[in-house]
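Step one of this worksheet: look at the structure below.
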Amino acid sequence: MIILGLVFIFQFVISCSCLAINRSKQTDVINASWWVMSNKTRDELERSFDCCGLFNLTTLYQQDYAFCTAICKIRRPTCQMCGEKFLKHSDEALKILGGVGLFFSFTEILGVWLAMRFRNQKDPRANPSAFL
């Protein structure tokens, strides 16, 4: 019962944080992780999401765009930026994860309540004259 209560608290906090994270924080996380990745990982992401670069048109973006190997660069003169696609995808995923987490956290509270309610019941097959 105590462990289930702790799992509820942990899951509830994580679910609320998934639902509460705003677009600017998502942008900060995506931006920080983009510059930590290796060039190979960036190329794979650009190819799989069919986009080039991250967010802005700074010098770093222009270098990123020059080395982009996505298909959209061949078809059109300009590609959609990967940051926008990542934000859209992460926003949808966070909403789904937060909602599912909240649903299951409240079913865990039901489990805690049932465990508290029925933990001291006697076994009906036991000796009735025995204490507990």
Side-chain angles (χ1 to χ4, degrees):
M1 182 175 68
I2 293 171
I3 293 173
L4 192 58
L6 291 174
V7 169
F8 160 74
I9 291 170
F10 181 73
Q11 190 170 0
F12 183 76
V13 167
I14 296 295
S15 298
C16 288
S17 64
C18 283
L19 291 173
I21 191 169
N22 58 9
R23 202 160 178 86
S24 67
K25 291 294 181 189
Q26 290 177 24
T27 304
D28 293 344
V29 170
I30 290 171
N31 203 4
S33 62
W34 181 261
W35 300 115
V36 174
M37 289 183 214
S38 68
N39 289 331
K40 182 180 176 185
T41 307
R42 282 188 211 157
D43 289 342
E44 289 174 8
L45 281 172
E46 287 175 339
R47 271 187 260 123
S48 64
F49 278 95
D50 197 24
C51 57
C52 285
L54 190 59
F55 283 115
N56 52 11
L57 297 172
T58 61
T59 309
L60 290 173
Y61 171 77
Q62 290 171 353
Q63 283 179 333
D64 232 8
Y65 191 81
F67 295 116
C68 180
T69 58
I71 298 171
C72 67
K73 192 173 177 184
I74 298 167
R75 289 183 290 181
R76 286 172 265 148
T78 59
C79 283
Q80 186 177 3
M81 290 181 271
C82 291
E84 296 300 322
K85 286 191 173 189
F86 295 160
L87 276 175
K88 181 181 175 189
H89 184 70
S90 69
D91 197 38
E92 291 172 1
L94 285 171
K95 285 180 184 176
I96 291 170
L97 288 173
V100 169
L102 275 179
F103 173 76
F104 283 108
S105 68
F106 285 116
T107 58
E108 288 168 2
I109 275 294
L110 179 66
V112 169
W113 178 78
L114 287 171
M116 285 177 57
R117 171 76 174 84
F118 296 113
R119 69 181 173 178
N120 290 329
Q121 282 192 340
K122 290 183 181 180
D123 185 6
R125 296 168 294 183
N127 186 1
S129 62
F131 183 70
L132 288 178

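We're numbering straight along the sequence, starting at 1. Since the structure is predicted, the reported quantities are computational estimates derived from the model, not experimental observations.
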Looking at Met37, I'd like to know if its CE atom is crowded, meaning that more than 12 non-hydrogen atoms belonging to other residues, nucleotides or ligands lie closer than 6.0 Å. yes
Linking I/L/V/M/F/W/Y whenever their side-chain heavy atoms sit closer than 4.5 Å, directly or via other members, would Ile3 and Met116 fall into one cluster? no
CA sep, side-chain torsions, deciding dist, call: Leu94, Leu19, side-chain contact (heavy atoms from CB on, under 4.5 Å): CA-CA 6 Å; Leu94 285 171; Leu19 291 173; over 6 Å; no
If you draw a 6.0 Å radius around CD1 in Ile71, do more than 12 non-hydrogen atoms from other residues or ligands fall strictly inside? no
Please work out which of the three classes, parallel, tilted or perpendicular, describes the rings of Phe49 and Phe86, given edges at 30° and 60°. perpendicular
Linking I/L/V/M/F/W/Y whenever their side-chain heavy atoms sit closer than 4.5 Å, directly or via other members, would Leu87 and Ile21 fall into one cluster? no
Can you check whether Cys82 and Cys51 have SGs under 2.5 Å apart? yes
Are Trp35 and Leu45 connected in the hydrophobic side-chain network, where two residues link if heavy atoms are under 4.5 Å apart? yes
Applying side-chain hydrogen bond (donor to acceptor under 3.5 Å, both in side chains), which residue pairs with at least one partner in residues 6-24 are found, sequence neighbours left out? Asn22-Ser24
Hey, mind stepping through Asn39 and Arg42 against side-chain contact (heavy atoms from CB on, under 4.5 Å) and telling me if it holds? CA-CA 5 Å; Asn39 289 331; Arg42 282 188 211 157; 3.5 Å; yes
Single-linkage hydrophobic cluster Ile9~Phe106, side-chain heavy atoms < 4.5 angstrom: yes
Nearest non-hydrogen partners of Ile30 and Ser90, listed with the distance: CD1-OG, 4.2 Å
Which is it for Ile109 and Phe12 under the side-chain contact (heavy atoms from CB on, under 4.5 Å) test, yes or no, and what are the steps along the way? CA-CA 10 Å; Ile109 275 294; Phe12 183 76; over 6 Å; no
Return yes when atom CD1 of Ile2 has more than 12 non-hydrogen atoms of other residues, nucleotides or ligands closer than 6.0 Å, and no otherwise. no
Can you list every side-chain hydrogen bond (donor to acceptor under 3.5 Å, both in side chains) pair that touches residues 92-118, not counting sequence neighbours? none
